[in-house]
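Down below is the structure, laid out as C-alpha cells.
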Amino acid sequence: MLYKQKSIPLFKAKLKAHPLLNKLIENDVLKLSPSLCINKLPIQEIQTLLDLHPLPVSQVANDDTYFALAPSGVLERFKAHPLYAELNLKLLVYPSDAVELVLRSTLLCDPAFTYSLKANFNKNLRNRLTCFDEQGISRPKKSLLANLANTSSSTFR
C-alpha cells in the first residue's frame, strides 16, 4: 500500500472526517477541553508536534478536500493557536482502496499497540521532568504540561 506525503499550510487545509470514520467513532468517549495555554507554546514547538503526528487522509476526487482517516485531537487543539497561519500540516495521502485498512489500523491496532505505553504516562513524565532538570535543559512548567494533558498538575508530582 503506497501513500504520498504532502505538507500543506494548516490554514489552507480543507479537511472533513471520512463518513465511515464518523460512523466508527460515534460512540467514543472523549473529554477534551480547550487548551487555554496553547498560545504559551512557541510556534516551533507546535510545528514539531504537528510533524510528529501526520494525518492519514484520502483525497476527494477532483477536489482539494481531504477525508481524514483518523481523529486528530492534536490538530484540532493547535488550530486555536494565534499563529496557526504559520503552521504546516503533514498529510499521508492514501488511495481510496486503502481506506478500510487505514481505518482499522488507526482506530483499532494503533490504540491497542500503544495502550501499554500509556499506562505509566504520569510517572514517566514526572521522571522525565526530573531528568530535564538534572541535565540543565529548559522545560515547560508542570502547569502547562498538565493543561496540554487535560489533567491537573498534581498528576506529575
Output the distance between atom [atom1] ([X]) and atom [atom2] ([Y]), rounded to the nearest 0.5 Å.
{"X": "Lys90", "Y": "Asp51", "atom1": "NZ", "atom2": "CG", "value": "4.5 Å"}
{"X": "Gln47", "Y": "Leu41", "atom1": "CD", "atom2": "CG", "value": "12.5 Å"}
{"X": "Lys6", "Y": "Leu92", "atom1": "NZ", "atom2": "CG", "value": "12.5 Å"}
{"X": "Leu108", "Y": "Leu103", "atom1": "CG", "atom2": "CG", "value": "9.5 Å"}
{"X": "Ser154", "Y": "Lys142", "atom1": "OG", "atom2": "NZ", "value": "10.0 Å"}
{"X": "Arg128", "Y": "Gln135", "atom1": "CZ", "atom2": "CD", "value": "14.5 Å"}

message: Are Leu83 and Leu144 connected into the same hydrophobic cluster when the rule is that any two of I, L, V, M, F, W, Y join if their side-chain heavy atoms are below 4.5 Å apart?
response: yes
- prompt: Tyr3 and Leu20: same hydrophobic cluster, using ILVMFWY side-chain contacts below 4.5 Å?
  reply: yes
field: Side chain Ser7, main chain Leu91, donor-acceptor under 3.5 Å
entry: no
task: May I ask you to decide if Asn147's main-chain N or O and Thr151's side chain share a donor-acceptor pair within less than 3.5 Å?
output: no
message: Does Leu87 form a side chain to side chain contact (heavy atoms under 4.5 Å, CB included) with Ile43? I'd like the steps, not just the answer.
response: CA-CA 8 Å; Leu87 296 169; Ile43 194 77; 3.5 Å; yes
Side chain to side chain, Leu50 and Leu55, heavy atoms closer than 4.5 Å: no
task: Please tell me if the side chains of Lys16 and Thr65 come closer than 4.5 Å, counting only heavy atoms from C-beta onward.
output: yes
query: Would Val93 and Ser58 count as a side chain to side chain contact (heavy atoms under 4.5 Å, CB included) if you check the C-alpha gap in whole Å, the side-chain angles of each, and the deciding distance to 0.1 Å?
result: CA-CA 5 Å; Val93 185; Ser58 65; over 6 Å; no
- prompt: Just wondering, more than 12 heavy atoms not from Glu100 lying within 6.0 Å of its CD?
  reply: no
task: Kindly check if the number of other-residue, nucleotide or ligand heavy atoms within 6.0 Å of CZ (Arg139) is above 12?
output: yes
Using every non-hydrogen atom in the two residues, find where [X] and [Y] come nearest and quote the distance to one decimal.
{"X": "Tyr84", "Y": "Leu10", "answer": "O-CB, 4.0 Å"}
{"X": "Ala70", "Y": "Pro56", "answer": "CB-CG, 3.8 Å"}
{"X": "Phe11", "Y": "Ala85", "answer": "CD2-O, 3.4 Å"}

field: Reference residue Val102; test side chain to side chain contact (heavy atoms under 4.5 Å, CB included); the match among Leu21, Leu69, Leu107
entry: Leu69
message: If we count only N and O atoms by modelled type, under 3.5 Å, do the side chains of Glu26 and Asn22 hold a donor and an acceptor together?
response: no
message: Between Leu15 and Leu89, does the side chain to side chain contact (heavy atoms under 4.5 Å, CB included) criterion hold? Intermediate values first, please.
response: CA-CA 11 Å; Leu15 297 169; Leu89 175 63; 3.8 Å; yes
task: Give me the ring orientation class for Phe67 and His18: parallel if the planes are under 30° apart, tilted from 30 to 60°, perpendicular past 60°.
output: perpendicular
